[in-house]
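Below is one structure, written out as structure tokens; comments come after it.
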Amino acid sequence: MGAKKRLIERRMAADLERKEAAHKVSKSYQYIRQLEEGPNEPPTWALLGDFARAYGTSDDYLLGLTDDPRPPLSPQPCPSGWGFFGAFF
């Protein structure tokens, strides 16, 4: 599945209309429509990350590097304030 289809799929899975998606990534409705339907240039890396966050998925999924649409796990704070070294004590 190409990036265009993945963008549409994840926008719909996020229950967003094009207008709402455009607002979340600071683009126009027309840009979103052309991206999904027309021969628009692929989004830049930064914009791809914005789409991934807005649609609740990962950059890798939109790029076709994985078939798992789940977003990446958020980093967890280290317990007890020990930082990196807390794992060794």
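- With Glu20 contributing its side chain and Glu17 its backbone, the two residues share a donor-acceptor pair below 3.5 Å.
- The structure places NZ of Lys19 at 10.5 Å from CD of Gln30, a figure rounded to the nearest 0.5 Å.
- Residues Ser58 and Pro71 are not in side-chain contact: their nearest non-hydrogen atoms beyond the backbone lie 4.5 Å or more apart.
- Residues Phe51 and Leu35 form a side-chain contact, since some pair of their non-hydrogen atoms from C-beta on lies under 4.5 Å apart.
- Leu48 and Val25 fall within the same hydrophobic cluster, where Ile, Leu, Val, Met, Phe, Trp and Tyr residues are linked whenever their side-chain heavy atoms come under 4.5 Å apart, directly or through other members.
- The pair Glu36-Arg11 counts as a salt bridge, with a side-chain nitrogen and a carboxylate oxygen less than 4.0 angstrom apart.
- The pair Asp67-Arg6 meets the salt-bridge criterion, since a charged nitrogen lies less than 4.0 angstrom from a carboxylate oxygen.
- The shortest distance between side-chain heavy atoms of Met12 and Asp15 does not fall below 4.5 Å.
- Taken together through direct or relayed side-chain contacts under 4.5 Å among Ile, Leu, Val, Met, Phe, Trp and Tyr, Leu63 and Leu47 form part of one hydrophobic cluster.
- Thr57 places a side-chain heavy atom less than 4.5 Å from the side chain of Pro69.
- Tyr29 and Leu16 fall into different hydrophobic clusters, where Ile, Leu, Val, Met, Phe, Trp and Tyr are joined by side-chain heavy atoms under 4.5 Å apart, directly or via other members.
- Looking at heavy atoms from C-beta onward, Glu37 lies in side-chain contact with Arg18 at the 4.5 angstrom threshold.
- When side chains are defined from C-beta on, Asp60 does not count as touching Asp68, because their heavy atoms never get closer than 4.5 Å.
- We find that Glu9 and Lys4 are not joined by a salt bridge, their nearest charged nitrogen and carboxylate oxygen being 4.0 Å or further apart.
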Inset, instruction - Decide yes or no on side chain to side chain contact (heavy atoms under 4.5 Å, CB included) for Arg10 and Leu62, but give the supporting numbers first. - result: CA-CA 9 Å; Arg10 296 315 303 164; Leu62 294 179; 4.1 Å; yes

